[in-house]
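Residue numbering restarts at 1 for every chain, and letters A, B, ... go by the order of the sequence lines.
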Number of protein chains: 2
Amino acid sequence: MNESSTSAPARPTRLLLVDDDALVRAGLRMILSSAEDLEVVAEASNGSEALEAVAAHRPDIVLMDVRMPVMDGLTAAAQITGRPGAPSIIMLTTFDLDEYVFQALQAGAMGFLLKDTPPRELVGAVRVVAAGEAMLSPTVTRRLVGHFAADAVNPRRQKAQERLRLLTERETEVLAAVGRGLSNADIGRELYMSEATVKTHVSRLLTKLDATNRVQVAIVAHDAGLMTDPAS
Amino acid sequence: MNESSTSAPARPTRLLLVDDDALVRAGLRMILSSAEDLEVVAEASNGSEALEAVAAHRPDIVLMDVRMPVMDGLTAAAQITGRPGAPSIIMLTTFDLDEYVFQALQAGAMGFLLKDTPPRELVGAVRVVAAGEAMLSPTVTRRLVGHFAADAVNPRRQKAQERLRLLTERETEVLAAVGRGLSNADIGRELYMSEATVKTHVSRLLTKLDATNRVQVAIVAHDAGLMTDPAS
DNA sequence: CGGCCACCCACGCCGGCCGGTGCGACTGCT
DNA sequence: AGCAGTCGCACCGGCCGGCGTGGGTGGCCG
């Protein structure tokens, strides 16, 4: 696992530091360059400078602050990632606001660290990301994990699935069809029954699901996760 | 931050080890009990035993394998969490399969570590979880982060949002109302316009969104994330 | 065994809502 | 003025949703 970093300093990991505060950059440079397998090859003081520095120096990893003048780190991250051979990005921030975290990860960041991360762990995180993995601060991890747990206990989803219990097999099939936006005639053709029959099933669905529309029925179908193959 | 664990061993963190392999348990016990702020108070060899042990010994943290006979770790985790005062759970596994990770986190686990985690980091992870945070192995973190990034590039969502670009303000309002399952008359009352006007807006939505039904329109609204307040 | 009940599935008729079309009024821009 | 874009409304055909009804199946009890 860690043999690649200890065996030989064949090719150090090239870093780009991006922060509007020169002192912060100096501190980071101090910490990171003390590791012999890491090398700070450039610095930038805002997002647009970071874009230029990435193009100019081709770093392996970018450590970037979130809040910066001119262009913030999140939009810069979104610009950097995506292209082939793009560097991995580690976001650094003082505050672990939810929106920052989610936006950063959706922008393609592979790391999200708080600035109070101890030097040893910071270096470790850089190495982890350099190895193609991801690293988050514990509080950030907690947010992410909590977000997942909350999704499982999503009240809307649970309520919806609860209601599905009392549906018959046939009704569930019709429910799925309604959720796809099919008309009654379409459903009849697809499930081999008269359109009139489809209507009764839909009627039962309406009463059983406390819906007044077929639209609301479709919504319940989606909320229950019926429309998404179980790869979620 | 870490003062509580280094200042005084006032009250060590109580651990429960759950694994069907006695050797694995012995190894874990060896590693963990070497830290003076940690104390292994019980062991169990499968999920149902784990439930009993939790009730009997009230541990602070449960370290549990995923694959076990009788009752696997995931269902046991789902049983343990949820009640007030329940211990935090760290899942241990040899393989970092996607389904394991997601199920474990949705079951309320606060940690997910691979068994090749070095002893030092294992102890650190336990302390982190004891502090109320979460800790994952780097590869697991990568999966989770990748899942989030993939969600941002969700083709259905992007396609749906793309289509929303060419909608007018008013149409978007109507779209949201349709997505809630309201009838045209309801929408008219809510947006202060005639039902006939609502119909024209819905018609435009049908053509602009390539839909044949209002149900499909509602689905697009949901896929685009219009129906979920921006807390996602 | 026969009767009964509960459940699921199936169908047809009717009123009301939806969706398509045509049209007019207002605004802002060139 | 001309024009594009948006929002507003009214009429018509077709689909949806509500209601009543019947046939088929499986379980329970006398």
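Closest contact between the side chain of B:T200 and the listed nucleotides D:dC9, C:dG12, D:dT6 involves D:dC9. Among D:dT6, C:dA10, C:dC8, the nucleotide with an atom closest to any side-chain atom of A:T197 is C:dA10.
When each of A:V129, A:V54, A:T81, A:L15 is tested with A:V62 by the rule side-chain contact (heavy atoms from CB on, under 4.5 Å), just one qualifies, namely A:V54.
One interatomic measurement links the two molecules: CG of A:L191 to P of C:dC8, which rounds to 17 Å at whole-angstrom precision. Atom CE of B:M193 and atom C1' of C:dG24 are 17 Å apart (whole Å). To the nearest angstrom, P of C:dC11 lies 15 Å from OH of A:Y192. Between the CD atom of A:E171 and the P atom of C:dC7 there is a distance of 12 Å, given to the nearest Å.
Mapping B:L167 and B:V198 onto DNA chain D by nearest heavy atom places B:L167 at the nucleotide closer to the 5' end. Each of B:E169 and B:A196 has a nearest nucleotide on DNA chain D; the 5'-most of these lies closest to B:E169.
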Next on the checklist: Under the criterion side chain to side chain contact (heavy atoms under 4.5 Å, CB included), I'd like the reasoning laid out for B:L74 against B:M91: C-alpha separation, chi angles, the key distance, then a yes or no.
Outcome noted: CA-CA 8 Å; B:L74 296 176; B:M91 298 303 298; 4.2 Å; yes
Checklist entry - Would B:N184 and B:R214 count as a side chain to side chain donor-acceptor pair (under 3.5 Å) if you check the C-alpha gap in whole Å, the side-chain angles of each, and the deciding distance to 0.1 Å? => result CA-CA 10 Å; B:N184 288 338; B:R214 71 172 24 223; 2.2 Å; yes
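Taking CZ of A:R29 as the start and CG of A:L63 as the end, the distance is 12.5 Å to the nearest 0.5 Å. We find the CZ-CD distance between B:R143 and A:E133 to be 9.0 Å, quoted to the nearest 0.5 Å. With rounding to the nearest 0.5 Å, the separation of OG in B:S137 from CZ in B:R142 is 13.0 Å.
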Item to check | Per-nucleotide protein contact string for nucleotides 25-30 of chain C (B base, S sugar-phosphate only, - none; heavy atom under 4.0 Å) | outcome: ------
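Taking 4.0 angstrom as the limit, B:H201 places a side-chain polar atom (N or O) nearer than this to OP1 or OP2 of D:dG8. Regarding contacts with the backbone of C:dC8, every side-chain N or O of A:R204 stays at 4.0 angstrom or more from both OP1 and OP2. A close approach under 4.0 Å does not occur between any side-chain nitrogen or oxygen of A:R170 and OP1 or OP2 of C:dC7.
Side-chain atoms of A:V126 and A:M135, non-hydrogen and from C-beta on, never get closer than 4.5 Å to each other.
Remark: A:K115 engages A:D65 in a salt bridge, criterion side-chain N to carboxylate O under 4.0 Å. With salt bridges taken as basic N to acidic carboxylate O contacts below 4.0 Å, one links B:E173 and B:R170.
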Look for any protein N or O under 3.5 Å of an N or O in nucleotides 16-19 of chain C and output each such pair with its distance, or none.
unit_1: C:dC18; atom_1: OP1; unit_2: B:N184; atom_2: N; d: 3.0
unit_1: C:dC18; atom_1: OP2; unit_2: B:N184; atom_2: N; d: 3.4
unit_1: C:dC18; atom_1: OP2; unit_2: B:N184; atom_2: ND2; d: 3.2
unit_1: C:dC18; atom_1: O5'; unit_2: B:N184; atom_2: ND2; d: 3.4
unit_1: C:dG19; atom_1: OP1; unit_2: B:R214; atom_2: N; d: 2.8
unit_1: C:dG19; atom_1: OP2; unit_2: B:R214; atom_2: NE; d: 2.8
unit_1: C:dG19; atom_1: OP2; unit_2: B:R214; atom_2: NH2; d: 3.4
unit_1: C:dG19; atom_1: O6; unit_2: B:K199; atom_2: NZ; d: 3.2

